[in-house]
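I have placed the structure first, in the form of structure tokens, so that the comments after it can refer back to it.
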Amino acid sequence: MDIVIAGGGIGGLAAALSLHAAGFENLTVHEAAREIRPLGVGINLLPHAVRELTELGLADRLAAIGVATAELGYFDRHGSAIWSEPRGVDAGYLWPQYSVHRGRLQMMLLDAVVERLGPRSVVTGSRITGPGTEDLLIGADGIHSAIRARLFPGEGPPPWNGLVLWRGTTYGTPFLTGRSMIMIGDGTQKFVAYPIEVGERTLINWIAEKPFEGEAPDRGDWNRPADLAEVGRHFADWRFDWLDVPRIIAGAEAAYEYPMVDRDPLPYWTEGNVTLLGDAAHAMYPIGSNGASQAIIDARVLAHSLAHGDLAAYEATRRPATTTLQLSNRRMGPEIVMKLAHERAPGGFDDIEQVIPYAERAEIAASYKRTAGFDPASLNESPSWSVVR
């Protein structure tokens, strides 16, 4: 079977590794950029995605470049804790959760593809816009996918929700456990931080978010430079005894501006010998740490389905699940607790139990895990997508 993968990002490279592991040898990854470079900032890989990379034999490599997340915490804009929970193996998963530099993850996957499939398996400077003579074309070419546009002409630019994200990295002082991921905000304005390097120095990945006046430029472009002083101005009073947000923002070498956009769910992903994967299929708001994780799971399910001669099973398994997740993220997913806390106690609180009872907070967290496919018990007991040959 001759397979072409359009896009050499995380989803496309994970698809190449998954298909190769499932027994497919005649496949090529085509990347439009002339060189694949370690661009971007930090992302999170949830345990269900880490499981898939582990089953691809990449556990040690991933552990070497990532920070195992110990906990996730939500705070109101005054710095008071709303909800916290352990993550990864500390939460009972059989696999860790990792915070990792996106570019390092991409290069790790690229190295594995070249090692296992050979140097000619990845062709750079090659933009695929539609099917050719191959048996299957996989569109893994991102939020501005040319393959998606071929299936759905006239769809237009990604819809924007009026918020803008600023992203950067700063060497700074460890906070909380030293491996914590934190979100502070009121449901509209938000600051997220987590370490992507620990050791002699801690490299903190951060995201600042707020409403934006006017029309957002460059929708879907992660590399638009931002003015650090302007970013810091919006968070000037966000200083807490455990985290100094203005100092973290000011300490970055650079920051990048990104309008919060996604894609509308599609009625189908597959037409003839073409199918979609990752952001090309289901770009979603960066809520709940799901973008890269869902692309990796797509890759594994696609390989499993093809190995059993049933391409339709891939879409039947993945499209309903990711559609539900896309819509959940538009409703703020688990981050809704920050909005609820602000609505119910805009001036802050002394006892979160009087604002959002524990049972309500716990169900919000558990419900999102079920929606996103990483409920601990279900994931630990679920069958593998590996193909036995």
Side-chain angles (χ1 to χ4, degrees), residues 8-24 27 29 36-72 86-119 121-122 169 174 177-181 194-205 278 289-301 303-304 373-374 376 379-380 382-389:
I10 291 169
L13 294 171
L17 291 170
S18 299
L19 289 162
H20 179 263
F24 296 93
L27 59 95
V29 177
I36 297 178
R37 296 183 293 135
L39 301 177
V41 285
I43 61 173
N44 267 263
L45 290 178
L46 297 172
H48 52 356
V50 174
R51 172 184 180 171
E52 302 308 331
L53 295 179
T54 298
E55 295 191 6
L56 286 171
L58 299 172
D60 291 343
R61 299 189 193 195
L62 184 55
I65 64 171
V67 175
T69 308
E71 70 166 349
L72 169 65
R87 280 292 171 121
V89 294
D90 293 331
Y93 292 99
L94 299 179
W95 305 272
Q97 174 175 329
Y98 284 112
S99 298
V100 62
H101 189 284
R102 183 200 173 280
R104 291 177 187 167
L105 174 62
Q106 184 179 11
M107 298 309 291
M108 182 200 81
L109 295 173
L110 176 63
D111 290 344
V113 169
V114 171
E115 290 171 12
R116 297 177 187 185
L117 283 75
S121 61
V122 179
T169 58
T177 68
R179 294 186 291 116
S180 298
M181 178 179 186
Y194 51 86
I196 56 174
E197 286 182 19
V198 294
E200 294 184 5
R201 296 196 297 173
T202 295
L203 183 61
I204 299 169
N205 184 82
S289 309
N290 264 288
S293 293
Q294 294 298 325
I296 291 167
I297 296 167
D298 285 351
R300 295 281 287 162
V301 176
H304 184 274
F374 67 107
L379 177 60
N380 289 346
S382 65
S384 171
W385 292 111
S386 293
V387 175
V388 179
R389 290 192 283 160

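Only a predicted model underlies this, so the values are computations on that prediction, with no experimental measurement involved. Note that the numbering runs from 1 along the sequence shown for the chain.
Nearest heavy-atom pair, Pro38 versus Met107, reported as atom, atom and distance to 0.1 Å: CB-CG, 3.7 Å. Of all heavy-atom pairs spanning Leu45 and Val50, the tightest one is O-CG2, 3.7 Å. The minimum heavy-atom distance linking Ala70 with Thr177 is given by the pair CB-OG1, 3.8 Å. The two residues Pro195 and Gly178 come nearest to each other via the heavy atoms CG-O, 3.4 Å. Across every non-hydrogen atom of Gly11 and Ala299, the tightest pair is O-CB, 4.2 Å. A pairwise comparison of heavy atoms in Ser121 and Val114 identifies OG-CA, 4.4 Å as the closest pair.
For the residue pair Arg300 and Ser386, a side-chain donor N or O sits within less than 3.5 Å of a side-chain acceptor on the partner.
A distance of 10.0 Å separates CG in Asp298 from OG in Ser18, rounded to the nearest 0.5 Å. Here CG of Leu110 is found 5.0 Å from CD1 of Ile36. Values are rounded to the nearest 0.5 Å. A distance of 10.0 Å separates CD1 of Ile43 from CD1 of Ile196, quoted to the nearest 0.5 Å. With rounding to the nearest 0.5 angstrom, the CD1 atom of Ile65 is 11.0 Å from the CD atom of Glu197. A distance of 7.5 Å separates CD in Gln97 from CG in Leu72, rounded to the nearest 0.5 Å. Note that CH2 of Trp95 is 12.5 Å distant from CG of Leu53, once rounded to the nearest 0.5 Å.
Inter-residue side-chain proximity for Leu17 and Arg116 is flagged as met; some heavy-atom pair is nearer than 4.5 Å. You'll find the side chain of Leu109 reaches within 4.5 Å of the side chain of Leu58, heavy atoms only. The side-chain heavy atoms of Asn44 and Arg87, taken from C-beta on, include no pair separated by under 4.5 Å. Between Trp385 and Glu52, the closest side-chain pair of non-hydrogen atoms falls below 4.5 Å. Inter-residue side-chain proximity for Tyr98 and Leu62 is flagged as met; some heavy-atom pair is nearer than 4.5 Å.
No donor-acceptor distance shorter than 3.5 angstrom exists from the side chain of Ser293 to the backbone of Asn290, with no hydrogens or angles considered. With Arg51 contributing its side chain and Leu379 its backbone, the two residues share a donor-acceptor pair below 3.5 Å. The backbone N or O of Val198 lies less than 3.5 Å from no partner atom in the side chain of Thr202, so there is not a single donor-acceptor pair. Listed for the His304 side chain is no donor-acceptor partner under 3.5 Å among the backbone atoms of Val387.
Within the structure, the ring-ring contact (aromatic ring centres under 6.0 Å, His included) test picks out the following pairs touching residues 41-68 (sequence neighbours left out): His48-Phe374.
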Please step through side-chain contact (heavy atoms from CB on, under 4.5 Å) for the pair Glu71 and Asp90, ending with a clear verdict.
CA-CA 8 Å; Glu71 70 166 349; Asp90 293 331; over 6 Å; no
Could you walk me through whether Leu105 and Arg102 satisfy the side-chain contact (heavy atoms from CB on, under 4.5 Å) test, starting with their C-alpha distance in whole Å, then the side-chain angles of each, then the deciding distance to 0.1 Å, before giving a yes or no?
CA-CA 5 Å; Leu105 174 62; Arg102 183 200 173 280; 5.8 Å; no
